Engineer: 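The following block contains the structure, expressed as structure tokens.
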Number of protein chains: 2
Amino acid sequence: MPKHVKEIEALKAHLGKHQLKYTRQRELILEAFLQQEHITAEEMYHQLAKKDPHLGLATIYRTLNLFCEADLAQARHFGTQTQYDNISHKGHHDHLICTDCHKIVEFENCEIEKLQEEVATRNGFTITTHRLELYGLCSRCRH
Amino acid sequence: MPKHVKEIEALKAHLGKHQLKYTRQRELILEAFLQQEHITAEEMYHQLAKKDPHLGLATIYRTLNLFCEADLAQARHFGTQTQYDNISHKGHHDHLICTDCHKIVEFENCEIEKLQEEVATRNGFTITTHRLELYGLCSRCRH
DNA sequence: ATTGAAATTGATAAATCGTCTCAAGAAGAT
DNA sequence: ATCTTCTTGAGACGATTTATCAATTTCAAT
């Protein structure tokens, strides 16, 4: 019935491993989360208010942080807020961030990823995820 | 006597251009800032408490933001705090982070940096700083 | 199905981080 | 030295996120 069976199973696996429980709220938040590329807790709060007016903001924060631990999400702090990126089913994308107008351009680069793997291997690491953010000025803000 | 004559002149140029004043606090904070690769306002607050116990935290925030406008610093949101990067400092290092034992290995990779520049140029960006973190398991934790 | 231990929730208090306010003090031009 | 303007320090404030805790829900064991 639910669309994202694979991710639900991944979450359940994580929950089981840590003696946590699969709740109605966690399923609701996961379903909503997986339909976004990235979202803030506040945005999700308003979005889900229609489906469950009693869902608390604290629960959303707790659940999104849980998703980070389960490697379904990745938190990214920008400006005063925290963005939760969906890294589970899309190819992981990186960000170009304009420090002036806060514009964000997403990109993907296989060569960089390959070099990352090399660095990791050289140091005995096995990468599960990564974060790459390039900060600078976009063409308009450079004047 | 101050060591960073070039940066002090750059700051004075910016101040003059905007009808701002060169104060004891601004010089003190600049001297301290230029000795770091990156620092938070809070860290600087404690660090400078010895030299000037009356220096206010608000002044440090104001001054670090001023440095950003004068292109001496670059703000970057890291975790819950804001890191102020020293732009004149070059050797930027990246991190390999073990998600199990939290071991952190620093590395530098020119090829990756070159590819980052290419991506930025292709999108019309001029990079001033970046952040690359690879998350995974180190050799010991993989078993 | 019922029970009971353990985890989760919602509401809100509290903490955190950074900015704003404003009276008093410092800088710099005249 | 004077005068205008900018800056400072202290604390209030606003926004975001986390902690607290009693009531509720989950889920495994009856």
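This one's a predicted model, so the numbers in the text were calculated from it and none came from an experiment. Sequence lines set the chain letters: A, B, ... in the order given, protein chains first and strands last, and positions in each chain run from 1.
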Engineer: Can B/Asp94 and B/Arg131 be counted as an ion pair, charged N to O under 4.0 angstrom?
Structural biologist: no
Engineer: Would you say a side-chain N or O of A/Thr82 is under 4.0 Å from OP1 or OP2 of D/dT16?
Structural biologist: no
Engineer: When the nearest nucleotide of DNA chain C is assigned to B/Tyr61 and to B/Tyr22 on a heavy-atom basis, which residue is associated with the more 5' position?
Structural biologist: B/Tyr61
Engineer: With DNA chain D as reference, determine whether A/Thr40 or B/Tyr45 sits nearer its 5' end, using the nearest nucleotide of each.
Structural biologist: B/Tyr45
Engineer: Measure from the side-chain heavy atoms of B/Thr59 and tell me the nearest of D/dC6, D/dG9, C/dT9.
Structural biologist: D/dG9
Engineer: Check this one for me: any side-chain N or O of A/Thr23 less than 4.0 Å away from OP1 or OP2 of C/dT9?
Structural biologist: yes
Engineer: Within this structure, what is the CD-to-P distance between A/Glu69 and D/dT18, rounded to whole angstrom?
Structural biologist: 11 Å
Engineer: Go through C/dT12, C/dT8, C/dT9 for me and flag the one nearest to the A/Gln25 side chain.
Structural biologist: C/dT9
Engineer: Which listed nucleotide (D/dT16, C/dA7, D/dT8) is nearest to the side chain of B/Arg26?
Structural biologist: D/dT8
Engineer: When the distance from CG of B/Leu66 to P of C/dT19 is rounded to whole Å, what number comes out?
Structural biologist: 13 Å
Engineer: Expressed in angstrom and rounded to an integer, what is the separation of A/Phe78 atom CZ from C/dG18 atom C1'?
Structural biologist: 16 Å
Engineer: Which of these nucleotides, D/dG9, C/dG28, C/dA5, is closest to any side-chain atom of B/Arg62?
Structural biologist: D/dG9
Engineer: Using whole Å, report how far CG of B/Leu15 lies from C1' of C/dG28.
Structural biologist: 13 Å
Engineer: Rounded to whole Å, please give me the gap between CD in A/Glu42 and P in D/dG14.
Structural biologist: 17 Å
Engineer: For B/Leu55 and B/Gln19, find the nucleotide of DNA chain D closest to each by heavy atoms; which residue's nucleotide sits nearer the 5' end?
Structural biologist: B/Gln19
Engineer: Mind calculating the distance between CZ (A/Arg24) and C1' (C/dG10) to the nearest angstrom?
Structural biologist: 11 Å
Engineer: Is A/Glu37 close to A/Asp85 at the side-chain level, that is, under 4.5 Å between some pair of heavy atoms?
Structural biologist: no
Engineer: If I take atom CG in residue A/Leu64 and atom P in nucleotide D/dT16, what distance separates them, rounded to the nearest angstrom?
Structural biologist: 15 Å
Engineer: Please name the pair of heavy atoms, one in A/Phe125 and one in B/Ile97, separated by the smallest distance, quoted to 0.1 Å.
Structural biologist: CE2-C, 3.7 Å
Engineer: Determine, step by step, whether B/Phe33 and B/Phe67 satisfy the ring pair (Phe, Tyr, Trp, His ring centres under 6.0 Å) criterion, reporting the C-alpha distance in whole Å, the side-chain angles of both residues, the deciding distance to 0.1 Å, and the verdict.
Structural biologist: CA-CA 10 Å; B/Phe33 176 69; B/Phe67 292 171; 5.7 Å; yes
Engineer: Among D/dC27, D/dA19, D/dT16, which nucleotide sits nearest the side chain of A/Ala58?
Structural biologist: D/dA19
Engineer: Whether the A/Tyr84 and A/Gln74 side chains hold a donor-acceptor pair (N or O, under 3.5 Å, no angle test) is what I'd like checked.
Structural biologist: no
Engineer: Has the side chain of B/Lys21 got a donor or acceptor atom sitting under 3.5 Å from an opposite partner on the base of D/dT5?
Structural biologist: yes
Engineer: May I have the distance from A/His54 (atom NE2) to D/dT24 (atom P), rounded to whole angstrom?
Structural biologist: 13 Å
